[in-house]
Trainee: 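Okay, handing you the structure first.
Atoms within a ligand are numbered from 1 in the order they appear, just like the ligands themselves.
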Amino acid sequence: MTDTATHNRETLGFQAEVKQLLNLMIHSLYSNREIFLRELVSNASDACDKLRFEALHNASLFEDDSELNIRIGYDKEARTLTISDNGIGMSRDEVVANLGTIAKSGTREFFSRLSGDQQKDANLIGQFGVGFYSSFIVADRVTVLTRRAGEKADQGVRWESDGGGEFSVEMVEKAARGTEITLHLREEQEDLLEGHRLRGIIRKYSNHIVQPILMKKDEWKDGKSVTLDEDETVNQASALWARPKNEITEEQYQEFYKHVGHDFDDPLAWTHARVEGRQEYTQLLYIPSRAPFDLWDRNMRHGIKLYVRRVFIMDDAEQLMPQYLRFVRGVVDSSDLPLNVSREILQESKDIEAIRSGCTKKVLGLLEDLAANDKEKYGKFWGEFGRALKEGIGEDFANKDKIAGLLRMASTLADTAEETVSLSDYISRMKEGQDKIYYITADSFNAAKNSPHLEVFRKKGIEVLLLSERVDEWVVSHLEEFDGKQLVSVAKGGLDLGKLEDETEKKEQESAANEMKDLTDKISVSLADRVKEVRVTHRLTDSPACLVADEHDMSANLARMLKSAGQKTPVSRPILEINPRHPVVLRLKSEEKRFDDWASVLFDQALLAEGGQLDDPASFVRRVNQLMLEMGGK
Ligand code: ADP
């Protein structure tokens, strides 16, 4: 055996990200070092869950030992702490993959973006489920002995590392299945080698763990503690979500979240309910307080664990939450689904559809509640997850109105992009005679805020929503109205302010259009291949001209977005609108010699003002210089 063991011994290097993580973690998490135990117990519990699940199909995996539990022991002399479980265990390949790399994609990028200060932020580091590696906060050597359930005793694996760049693995004998982790404590960690200290940590962080966490009893004898040969269960050892709400404290909900959500931060909010009816299930759903770094990664893990009658079935049950709520974490425990339910079955199941719809409503209800009663929290939620929620407008037809009610947007009545308003706020402030919700889309807050299209709205004190996120184009293309009020782009179609304008204003506009007819015709000819139409507008007060998209054409902002994403877009020429009172426009009426240059500059500056790019910037510059010289000469 010794021979094969030596023969099998291999020394391997950690993946680069792990090395980085180990360094960062030891420093950033040190002040909260006790959490290593929570992480190891959490892993042990998951391993027991996985075994119970696999044993549903193959009872022999229990190997005559079906009482799943987690044990914690310590040895003062040897200065070691041991956490063991009789869960699923790991094969050699699994050990190398799980304890030598970080599986999450995108970690490398994430690390490279962290600034020095962020690296010290424990909660950022915590996002990785640094889990197992947190043992190195308190240990300078960690030994893992593990054997996968169902394998022979000689298929045990011993993994060891000092948390430097390398680890070793070798095959060893291990009679009991499962995993035993031994931490060789660093200097000055002696306080952890005390029964009551450990029990305190377990109760604080791991009380909710479903499996019993066993420790040997202690007794005080002659002024010191003596360990007895008798086990006691330290935690409550029952499924938290199955307990009545009034028996669960705030802290217990929070600690449970850290286990299911693999997060170090407290959750922002949660909802816990037992649903009766055609489908019976319990849901405990959490909103994290921070967006995970991979929220925009298509392969991001979803966060719902599915249980059937307390038996863990699967992680990452993406069928239980719509895509736009992919950040929600928690547990759904069904009383009705069969225990052998698979991902394939989930995809087609009507029962799952009912559960998903129930969970979606519950989360949206929780958000509505926050929005109404805790504006600060809701603002925090919106800052982290608003962009994801917006996807729901086009994705979840049944809940479109609810989601629309949860939207928050910047507006001309605010100074910063962060000060947002809801559509209901907007409606409650509408001017007398106003029956539409006005918005503008642009590729940045400043471009939206300073757009010439807003001039008449400013003058009349009419609020306009400023939409500057990419997903906003998607939102407005799916949201035609809210609360009976149509959403209208101020940069599309003709501007009809309806009752917001009086008769005199309308008359003035008509006569201006007549007076300018010759000019607009002439510009149309000059810019024939660039514009669809040239017309007089009353939307401008300070600018000479602006571009608008025709009613049913794509907005210029969307066209630019698609173009920059490399997509072919139908070419639709914009409408050039001119301000009949602007001196530049008036001057143009009498221009003969350089009319084409003037018209071209008018068009180009309108395009620049709305954040567009010129096809031929050099010609624009040449024309402007030419005109400047002529002006100077006068
Ligand atoms: P996470 O728990 O977030 O996946 P960890 O670094 O804590 O990250 O663990 C990595 C993986 O190692 C786990 O996903 C699991 O597959 C495996 N693992 C860790 N601890 C155990 C254990 N006690 N028994 C079986 N597998 C384990």
Side-chain angles (χ1 to χ4, degrees), residues 14-15 17-22 24-26 29 35-55 61 68-73 81-107 110 125-137 139 142-151 155-161 163 167 169 174 176-183 205-206 209-211 213 257-265 288 292-294 300-303 305 312 314-316 329:
F14 283 118
Q15 183 194 23
E17 285 91 322
V18 176
K19 266 193 274 182
Q20 253 177 310
L21 179 65
L22 282 166
L24 296 180
M25 193 188 55
I26 294 169
L29 297 180
I35 54 98
F36 80 92
L37 194 55
R38 168 184 88 192
E39 297 296 310
L40 295 182
V41 166
S42 180
N43 282 347
S45 169
D46 288 345
C48 291
D49 269 350
K50 283 180 199 156
L51 175 68
R52 166 142 290 146
F53 173 67
E54 286 195 18
L61 292 179
L68 299 178
N69 56 45
I70 300 163
R71 266 172 199 286
I72 295 178
L81 200 60
T82 305
I83 295 92
S84 49
D85 64 71
N86 56 356
I88 192 73
M90 285 177 272
S91 67
R92 184 185 180 118
D93 287 350
E94 287 170 327
V95 167
V96 172
N98 293 334
L99 310 184
T101 60
I102 302 177
K104 274 192 168 181
S105 63
T107 357
F110 179 82
I125 307 276
Q127 284 201 27
F128 296 94
V130 287
F132 169 76
Y133 301 111
S134 63
S135 6
F136 289 102
I137 306 173
V142 176
T143 314
V144 178
L145 264 180
T146 183
R147 174 169 67 77
R148 204 172 198 291
E151 296 290 348
Q155 292 298 300
V157 184
R158 184 174 189 277
W159 176 104
E160 190 167 85
S161 176
F167 61 89
V169 270
K174 187 175 187 307
R177 68 145 198 275
T179 304
E180 178 184 299
I181 299 177
T182 302
L183 309 183
Y205 295 112
S206 309
I209 291 293
V210 181
Q211 295 81 13
I213 303 173
Y257 165 74
K258 289 175 189 167
H259 169 59
V260 287
H262 291 268
D263 194 350
F264 276 46
D265 256 342
F293 74 97
D294 55 354
M300 174 208 173
R301 276 181 22 183
H302 291 229
K305 284 190 183 210
F312 168 77
M314 69 179 74
D315 270 325
D316 190 15
R329 300 280 176 267

Trainee: Taking only Lys NZ, Arg NE, NH1 and NH2, and the carboxylate oxygens of Asp or Glu, determine whether Lys174 and Glu151 approach each other closer than 4.0 Å.
Mentor: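 Salt bridge flag = no for Glu151 with Lys174.
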Trainee: State the atoms of ligand 1, each with its element, that fall below the 4.0 Å cut-off from a heavy-atom position in Gly131.
Mentor: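 With Gly131 as reference, the close atoms of ligand 1 come out as 7 (O).
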Trainee: Any chance the side chains of Thr179 and Thr146 put a donor and an acceptor closer than 3.5 Å?
Mentor: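 Per modelled atom types, Thr179 and Thr146 side chains form a pair under 3.5 Å.
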Trainee: Which ligand 1 atoms are under 4.0 Å away from a heavy-atom of Ala47?
Mentor: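 Once the distances to Ala47 are compared, the set is 22 (C), 24 (N), 25 (C).
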Trainee: Purely on distance, is any nitrogen or oxygen of Met90 under 3.5 Å from one on ligand 1?
Mentor: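 No, no N or O pair falls under 3.5 Å.
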Trainee: If we set the cut-off at 4.0 Å for heavy atoms, which region of Asp85 has an atom near ligand 1: side chain, backbone, both, or neither?
Mentor: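 The answer is the side chain of Asp85.
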Trainee: Determine whether the side chains of Glu160 and Thr143 contain a donor N or O and an acceptor N or O closer than 3.5 Å.
Mentor: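 On atom types as modelled, these side chains qualify, holding a pair under 3.5 Å.
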Trainee: Does the distance from a Lys or Arg side-chain N to an Asp or Glu carboxylate O, for Asp85 and Arg177, drop under 4.0 Å?
Mentor: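 No, this pair does not count.
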